[in-house]
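Order of the sequence lines sets the chain letters (A, B, ...), proteins ahead of strands, with each chain counted from 1. Quantities reported herein were computed from a predicted structural model and do not represent experimental measurements.
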There are 2 protein chains.
Amino acid sequence: MLHATQPITRILAVEDDPLLASHLQTHLQGSGYDVTLSHDGDEGLRLATSEQFDLILMDILLPGRNGLEVLQQLRSKHGVPVVLMSALGGEQNRIAGFSQGADDYLPKPFSLGELSVRIEAILRRVAYERREQAPRESTDDLHFDEMGCDVALAGTSAGLTPSEYRVLELLWRHMDEALSKPFLYQQALRRGYAQHDRSLDMHISQIRRKLQGIGYQGARVETVWGKGYMLARLG
Amino acid sequence: MLHATQPITRILAVEDDPLLASHLQTHLQGSGYDVTLSHDGDEGLRLATSEQFDLILMDILLPGRNGLEVLQQLRSKHGVPVVLMSALGGEQNRIAGFSQGADDYLPKPFSLGELSVRIEAILRRVAYERREQAPRESTDDLHFDEMGCDVALAGTSAGLTPSEYRVLELLWRHMDEALSKPFLYQQALRRGYAQHDRSLDMHISQIRRKLQGIGYQGARVETVWGKGYMLARLG
DNA sequence: TGCAACATGACACATGACCGGCAAATGAAT
DNA sequence: ATTCATTTGCCGGTCATGTGTCATGTTGCA
């Protein structure tokens, strides 16, 4: 069940039937997801590896490369959750799908409601696992509120905007490591970096101001001249 | 398989073919359900709205009003799970059914075993959702009248409309938690959320007005900018 | 050191998305 | 036809975000 909008959940739907694809898109967008469509296996694989998605929904029977092959390629590198769909209801396919690492398998026909329920279940599980694996937070450190897109220190929240949150979260995950502008643009702002784009600088500026505003002393956003930005821990 | 714990699950089967209807009744009663038969669309709709069923099983091709129409009428008020049956196996019909809010679609011919499996699955899912959304302990607070679709405070009722009631009930069940617009649209208005849809805002506006009208002070509907709405406890 | 080229910080403003309220249109029920 | 619930369109305001400009700081080179 989707309660609040996360930093925006992105779903890649790989489905060659235009009618079904369109319905998937409409329904999932109505449920608050950012949906990208692809109509064949090769393009799907390219998108899945080049951009960042929270979940991939894929037909098995596809032109180009079939869903199981794409899944296999994906699993060799990525851990992104994958839901397979297929009209081939046979146990064979189902088992093949799961053994390749699929997270769920929907035999056609299925209802769009059913689809939503499964997707939400998987996203919930993934979020839970991530939280479990996350390094423990010390009490006097920043607290990240994934749902609310905000961070807080000892109860006072910084009032970050979603973009600011995504930037800070990236920096936080790569503590003490310089991240390039192109990388930050791609991962946090979801677009390419152009030479005179000053958006990221604005976000950095705001993040600095807001972190100072709540009196955070644990780390500082430092600029690595000509390279990018880095969140540096302070002693 | 049905639990030993009652209450008995009631199913309404709307099917004009007497032979199939009889088979459905026999089989489902054998599985422990209380089955009511109806042979045309109008009567089916009347029964579905006047009595209370846990699931409705309905043919699409019916004398009187066809299954899709009945479903549409039903969905404007009820959330009862509906399973459609049809000899028309086309994608078109299937998708039409789902987009009207059907919970499942069985292309004829189907086995009675298959039917049982699907019914079980749906009932399980609905039970699960109910549990998820179990209402919180109501103190000496608002009194929810599920049947009348209204809430009251110390005897004075707010005069909510059905939609307003469903929205408020959802917010109530998730007290102090921001609910996204897509979620509220999906759950309370039973459709997807599109960008320039103002209906929910209107309902929220009315709910605020009516709650204030009966002098309710226990909680307030707050807007979480860019996220959705939240019912926040006060005091 | 002095200078040019460029990256960055800071500010103001433009754009578009989101929200509240009103009024009118649509739809369903009687 | 009338009434009520619900949806849609519009206006004005606010917020998130991107863009343009200028000031400041850094780099590299003479």
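Between S205(B) and dG21(C) there is a side-chain polar atom (N or O) within less than 4.0 angstrom of OP1 or OP2. Look at T223(B) and you won't find any side-chain N or O under 4.0 angstrom from OP1 or OP2 of dC19(C). Applying the 4.0 Å criterion to OP1 and OP2 of dG20(C), one finds that Y229(B) has a side-chain N or O inside that range. The side chain of R191(B) contributes an N or O atom lying less than 4.0 Å from OP1 or OP2 of dT7(D). In terms of phosphate contacts, K181(A) brings a side-chain nitrogen or oxygen within less than 4.0 Å of OP1 or OP2 of dT8(C). Checking the phosphate oxygens (OP1, OP2) of dT17(D), a side-chain nitrogen or oxygen of T161(A) falls inside 4.0 Å. The phosphate of dC18(C) (OP1 or OP2) has a side-chain N or O of Q195(B) nearer than 4.0 angstrom.
Taking 4.5 Å as the limit, some side-chain heavy atom of I204(B) sits within range of a side-chain heavy atom of L171(B). Put simply, the side chain of Y229(B) does not reach to within 4.5 Å of the side chain of V167(B), judged on heavy atoms. A 4.5 Å side-chain heavy-atom check between D34(B) and D54(B) finds every atom pair outside the cut-off.
Heavy-atom nearest nucleotides on DNA chain C were determined for R209(B) and for W225(B), and the one closer to the 5' end corresponds to W225(B). Judged by closest nucleotide on DNA chain D, S163(B) is the one of S163(B) and S163(A) placed further toward the 5' end. For D197(B) and G159(B), each mapped to the nucleotide of DNA chain D holding its nearest heavy atom, the one lying further toward the 5' end belongs to G159(B).
One finds the CG atom of L12(A) at 8.5 Å from the CD atom of E51(A) (value rounded to the nearest 0.5 Å).
Between K181(B) and D197(B), none of the side-chain N atoms (NZ, or NE/NH1/NH2) sits under 4.0 Å from a carboxylate O, so this pair counts as no salt bridge.
Between F144(A) and W172(A), the angle of the ring planes lies from 30° to 60°, which puts this pair in the tilted group.
Counting any heavy atom pair closer than 4.0 Å across all strands shown, H203(A) reaches sugar-phosphate atoms only and no base atom. Residue Q206(A) is out of contact with every strand shown, counting any heavy-atom pair closer than 4.0 Å. Heavy atoms of S199(A) sit under 4.0 angstrom from at least one base atom.
Considering only side-chain atoms of P162(B), the nucleotide from dA16(D), dT6(D), dG18(D) that sits closest is dT6(D).
With rounding to whole Å, K227(A) atom NZ is found 15 Å from dT26(D) atom P. Look at NZ on K210(A): it is 7 Å from P on dA16(D), rounded to the nearest Å. Between the CG atom of L160(B) and the P atom of dA5(D) there is a distance of 10 Å, given to the nearest Å. The distance between atom CG of D201(B) and atom C1' of dC10(D), rounded to the nearest whole Å, is 14 Å. As rounded to whole Å, 18 Å separates atom P of dA5(D) from atom CG of L200(B). Between I204(B) atom CD1 and dG21(C) atom P the separation is 11 Å, expressed in whole Å. When the P atom of dT8(D) is taken as reference, atom CE of M202(B) falls 12 Å away, rounded to whole Å. Distance CD (E69(B)) to P (dG27(C)): 15 Å, rounded to an integer number of Å.
A donor and an acceptor atom never sit less than 3.5 Å apart when one is taken from the side chain of R198(B) and the other from the base of dT6(D).
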